[in-house]
Amino acid sequence: MGTHFLVKNIKEPIDWTVEVPGSKSMTNRALLLAALSDGTVELSGVLFSDDSRHFLSCLTALGFAVECDEEKKCAAVCGCGGKIPKKQAVINVGSAGTAARFLTALLGFSDGVYTIDASEQMKKRPMRELFSLLAAAGAKITCLEEEGHLPVRVRGAGCGAAAEGKPAEFSLDISASTQFLSALLLISPMIRQGLAVRITSEKKDGSYIRITRNMMREFGVPVSFDGECYRVERGAVYRKKSYAVEPDMSAACYFYGAAAITGGTALVRQVHPDNTQGDRKFLAVLAQMGCEVRDTADGIAVRGPARGKLRGISLDMNDFSDQALTLAALAPFADGPVHIANIGHIRGQECDRIHAIAAELSRAGIRVDEEPDGVTIYPGWPQSCVIETYGDHRVAMAFSLLGLRAEGISIADPGCCAKTFENYFELLDALCGRQAGCAEE
């Protein structure tokens with residue numbers, strides 16, 4: 001694929017049935033849970049992408065036995081009961097935020113010495129709060145470049161041997177990111193005396209925390225939460241023979257968005273209402289905007305309103321903010337302004353996503369009000385332009401939707417989608433090529 005991808009313009013409502021990869025968030029959680037388990041865990045539905053391959057390579061570098069079959073979307077990880085086989089190693093987490101946070105916590109409670117390297121993009125993302133927590137637990141964290149950021153050298157606290165005494169207690173603000181809390185909860189079986197994490201921020205819970213808790217329970221370790229404090233009891237052990245990763249709801253939403261703006265239908269196989277990922281809330285947003293959402297034997301199908309005329313909407317997207325970009329791409333085709341609130345934390349993700357929304361829609365001639373914690377987008381018809389993606393896979397995939405309705409929309413650096421959905425643009429091109437009435441490139 002070249003440096004730009006010209007989106008084929010759709011002239012008629014779509015009628016697509018697609019399969020999406022496994023969830024990135026669940027894949028990386030499952031890999032860590034398996035590595036900490038007592039025995040081998042067979043994982044199915046695994047996402048193989050830049051992020052997950054970095055996670056797998058890190059586990060291998062740490063001495064874990066890992067076998068993969070990418071064609072069958074399977075992986076087998078031999079867990080070592082909360083121990084890390086190699087006591088010294090160098091790992092590289094690439095641009096994977098989950099790998100960076102989860103593996104840093106893992107190594108912070110180990111009894112070894114490790115170096116964690118990362119991509120230039122990941123080096124810019126905040127890690128200071130997690131470093132401080134690990135240092136308070138007895139780990140030694142040495143920043144090798146900028147303070148509070150990767151790369152680092154970690155000398156683990158070696159807390160795995162402490163089976164007696166009070167639970168390890170931490171205080172944590174999760175307003176900027178819930179990944180630090182998920183990281184502590186996931187590695188809790190390494191802390192034999194138990195774990196208590198008291199949340200100091202106004203935000204106390206979140207969709208990704210619920211995914212973490214659900215998956216931990218599936219692996220045999222429940223997490224209690226009283227509204228203020230998360231607790232894991234002493235002596236926790238992960239035990240699981242097999243685990244199936246759900247299809248990625250975030251990826252499914254791009255195709256549902258395509259149905260919404262073309263007045264067509266998109267069915268994503270094996271996505272059903274029992275999907276546990278927070279982005280399923282985006283289906284309710286589409287329904288509010290005029291779409292029909294229904295479950296079928298094959299998966300959830302979304303049908304857009306006639307001529308793709310969506311209703312304007314104002315909503316808080318804090319708990320499913322990965323879809324803020326998708327909604328932003330649909331917003332110009334609404335009959336009134338779309339206001340997205342309480343998403344300030346996405347400024348610190350792969351790029352400043354609020355600014356990316358404002359900059360790229362403005363580039364397409366759409367009026368946008370950028371706010372510290374959100375954005376307001378006004379109706380308009382996108383003009384031909386090249387969308388800059390800032391190396392951010394979600395910017396690339398979300399704004400490709402503009403080109404389904406408006407002519408002349410190109411996506412720069414489409415290859416950045418390899419982070420989570422490496423064949424997204426090949427699939428989109430094939431779907432558009434089969435669509436009757438699409439414009440030629």
Side-chain angles (χ1 to χ4, degrees), residues 7-8 10 12-26 47 207 246-313 315 317 319-334 338 340 357 377 393-406 409 411 417 420-421 423-425 427-432 434-435:
V7 182
K8 290 178 179 176
I10 297 295
E12 294 181 358
I14 67 167
D15 185 9
W16 292 350
T17 297
V18 299
E19 291 184 2
V20 297
S23 163
K24 177 196 74 169
S25 299
M26 296 183 76
L47 168 69
S207 58
E246 294 176 353
D248 188 14
M249 195 71 200
S250 299
C253 288
Y254 302 122
F255 300 100
Y256 292 143
I261 60 173
T262 65
T265 300
L267 185 151
V268 183
R269 290 195 178 104
Q270 299 181 14
V271 171
H272 293 286
D274 61 355
N275 185 288
T276 64
Q277 297 160 61
D279 280 359
R280 71 183 184 277
K281 292 184 176 181
F282 192 64
L283 293 170
V285 174
L286 293 177
Q288 284 181 263
M289 298 180 78
C291 297
E292 176 191 323
V293 180
R294 59 188 175 90
D295 191 29
T296 74
D298 293 328
I300 291 175
V302 170
R303 185 173 68 186
R307 298 181 299 281
K309 195 64 174 179
L310 300 166
R311 291 194 287 266
I313 193 171
L315 74 164
M317 293 191 75
D319 204 31
F320 57 117
S321 59
D322 277 349
Q323 293 310 310
L325 283 156
T326 314
L327 181 57
L330 307 184
F333 307 106
V338 171
I340 306 171
I357 288 170
I377 303 160
H393 58 130
R394 299 216 180 278
V395 175
M397 290 186 282
F399 283 112
S400 68
L401 299 179
L402 290 178
L404 298 180
R405 288 290 304 276
I409 301 295
I411 306 298
C417 290
T420 53
F421 196 162
N423 70 326
Y424 173 79
F425 282 102
L427 177 57
L428 183 66
D429 201 42
L431 289 167
C432 289
R434 292 200 297 266
Q435 181 71 36

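- Atom CG in D248 sits 7.0 Å away from atom OG in S25 (nearest 0.5 Å).
- Contact of the Y254 side chain with the L427 side chain is not registered, since no non-hydrogen atoms from C-beta on lie closer than 4.5 Å.
- For D279, the salt bridge (Lys or Arg N to Asp or Glu O under 4.0 Å) test picks out no residue, with sequence neighbours left out.
- Screening residues 285-305 for salt bridge (Lys or Arg N to Asp or Glu O under 4.0 Å), with sequence neighbours left out, gives E292-R294, E292-R303.
- Using a 4.5 Å cut-off on side-chain heavy atoms (C-beta onward), I14 and L431 make no contact.
- Note that SG of C291 is 9.5 Å distant from CG of L283, once rounded to the nearest 0.5 Å.
- Counting only residues at least two apart or in different chains, salt bridge (Lys or Arg N to Asp or Glu O under 4.0 Å) contacts with residues 252-268 are absent.
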>> Would S250 and Q277 count as a side-chain hydrogen bond (donor to acceptor under 3.5 Å, both in side chains) here? Give the steps.
In response: CA-CA 8 Å; S250 299; Q277 297 160 61; 5.2 Å; no
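- Counting only heavy atoms from C-beta outward, the side chains of L327 and F282 approach each other to under 4.5 Å.
- The two residues E246 and D274 have their closest heavy-atom pair at OE2-O, 4.1 Å.
- Among residues at least two apart or in separate chains, salt bridge (Lys or Arg N to Asp or Glu O under 4.0 Å) pairs with a member in residues 264-273 are E19-R269.
- Within the model, atoms CE of M249 and OG of S207 stand 12.0 Å from one another, a figure rounded to the nearest 0.5 Å.
- Shown here are the salt bridge (Lys or Arg N to Asp or Glu O under 4.0 Å) partners of K309, two or more places apart in sequence or in another chain: there are none.
- A donor-acceptor pair is defined here as one N or O able to donate and one able to accept, closer than 3.5 Å; no such pair exists between the side chain of T17 and the backbone of L267.
- Judged by distance alone, with hydrogens and angles left aside, the side-chain atoms of R280 form a donor-acceptor pair with the main-chain N or O of T276 at under 3.5 Å.
- Between L401 and A329, the shortest heavy-atom distance links the atoms CB-CB, 4.3 Å.
- Closest non-hydrogen pair, V7 versus S400, comes out as CG1-O, 3.6 Å.
- Summarising the geometry, atom CD1 belonging to I261 is positioned 9.5 Å from atom CD1 belonging to I10; distances are rounded to the nearest 0.5 Å.
- When all heavy atoms of P21 and L47 are compared, the closest pair comes out as CB-CD1, 3.4 Å.
- Here D322 pairs with R353, R394 under the salt bridge (Lys or Arg N to Asp or Glu O under 4.0 Å) rule; sequence neighbours left out.
- Using a 4.5 Å heavy-atom cutoff, the side chains of P13 and T265 are not in contact.
- At a threshold of 4.5 Å between non-hydrogen side-chain atoms, the residues V285 and Y256 do not count as touching.
- Using a 30° and 60° split on the angle between ring planes, F255 and Y424 fall in the tilted class, from 30° to 60°.
- Within the 4.5 Å cutoff, the side chain of L325 has heavy atoms near those of the I357 side chain.
- Side-chain atoms of F333 and L402, non-hydrogen and from C-beta on, do get closer than 4.5 Å to each other.
- In this structure, CE on M397 lies 3.5 Å from OG1 on T420, to the nearest 0.5 angstrom.
- The two residues P247 and V20 have their closest heavy-atom pair at CB-CG2, 3.9 Å.
- Pairing each heavy atom of A398 with each of T326, the nearest pair is CB-N, 3.8 Å.
- In this structure, CG in N275 is found 7.5 Å from CE in M26, a value given to the nearest 0.5 Å.
- Considering only heavy atoms from C-beta on, F425 comes within 4.5 Å of C417 through its side chain.
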